[in-house]
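What follows is one structure encoded as structure tokens, with my remarks underneath.
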Amino acid sequence: QVQLVESGGGLVQAGGSLRLSCAASGSIFSIRTMGWYRQAPGKERVLVARISAGGSTYHADSVKDRFTISRDNAKNTLYLQMNSLKPEDTAIYYCAASRIYSDTLTNPHYWGQGTQVTVSS
């Protein structure tokens, strides 16, 4: 099994920055694609960004040029650098992982418990 633990969430003013981290443990040899989802109150959980084992990235249009996903395989950690935050970025952010190499991450095999990000106007 794989355990994913997020950290780095919090309260920030609009225009500010946060960096989320996701530490993976357990059967980490099985992890290939990783990513971040978010779920705002009353809305569906949506994919924000993903990164393949080879380092190829995808960012949703809503966060492109503001958020950057990265991973440090030596530390078994996934990151999401969030800049120029907006109130509409307020959500619970979830780390997700898949055993598939270049997965779309539509149906992750593993989920973290989530970390709250709140952006005040």
Side-chain angles (χ1 to χ4, degrees):
Q1 267 294 354
V2 170
Q3 293 78 44
L4 302 174
V5 179
E6 302 97 334
S7 61
L11 174 64
V12 64
Q13 288 189 333
S17 298
L18 283 174
R19 188 177 81 155
L20 304 183
S21 299
C22 171
S25 62
S27 302
I28 56 175
F29 60 87
S30 68
I31 295 176
R32 299 293 182 269
T33 305
M34 299 188 76
W36 292 96
Y37 275 76
R38 70 184 181 187
Q39 186 168 21
K43 296 189 177 181
E44 293 186 351
R45 192 176 298 189
V46 297
L47 180 66
V48 174
R50 65 173 181 257
I51 183 168
S52 72
S56 298
T57 62
Y58 160 85
H59 295 83
D61 287 343
S62 60
V63 305
K64 201 170 291 184
D65 298 327
R66 299 189 299 121
F67 292 10
T68 302
I69 190 171
S70 62
R71 64 195 291 174
D72 185 334
N73 291 327
K75 295 183 178 179
N76 302 317
T77 301
L78 178 73
Y79 302 100
L80 185 68
Q81 178 66 44
M82 305 187 294
N83 299 328
S84 302
L85 282 160
K86 304 175 181 180
E88 51 262 45
D89 294 318
T90 295
I92 299 174
Y93 284 72
Y94 296 90
C95 177
S98 167
R99 297 189 293 268
I100 301 172
Y101 185 79
S102 291
D103 194 8
T104 57
L105 216 57
T106 303
N107 291 296
H109 296 107
Y110 310 108
W111 289 96
Q113 83 287 349
T115 186
Q116 177 70 48
V117 171
T118 303
V119 184
S120 63
S121 57

For [X] and [Y], work out which heavy atoms get closest and say how close.
X    : Y    : value
W36  : L47  : O-CD1, 3.5 Å
S121 : A14  : CA-CB, 4.4 Å
F67  : V48  : CD2-CG1, 3.8 Å
S21  : T77  : CB-CG2, 4.3 Å
T90  : Q116 : CG2-NE2, 4.0 Å
L85  : V12  : CD1-CG1, 3.6 Å

For [Y], is there any backbone N or O sitting under 3.5 Å from a side-chain donor or acceptor partner on [X]?
X   : Y    : value
H59 : I69  : yes
T33 : Y101 : yes
S27 : Q1   : yes
E6  : G114 : yes

Any side-chain heavy atom of [X] sitting closer than 4.5 Å to one from [Y]?
X    : Y    : value
I100 : R32  : no
D89  : R38  : yes
L4   : Y94  : no
E88  : V119 : no
R71  : I31  : yes
W111 : C95  : no

Path from [X] to [Y] over hydrophobic side-chain contacts below 4.5 Å:
X    : Y   : value
Y37  : V2  : no
I92  : V46 : no
I51  : Y79 : no
L105 : L80 : no
M82  : L78 : yes

Over-ring placement of R50 relative to Y58, 6.0 Å and 45° cut-offs: yes

Say whether D103 and S98, considering side chains only, have a donor N or O and an acceptor N or O under 3.5 Å apart. yes

So which of L11, V117, N83 actually passes side chain to side chain contact (heavy atoms under 4.5 Å, CB included) with L18?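 Considering L11, V117, N83, a side chain to side chain contact (heavy atoms under 4.5 Å, CB included) with L18 is found only for V117.
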
Take atom CG of D65 as the centre, draw a 6.0 Å sphere, and report whether it contains more than 12 heavy atoms from other residues, nucleotides or ligands. no

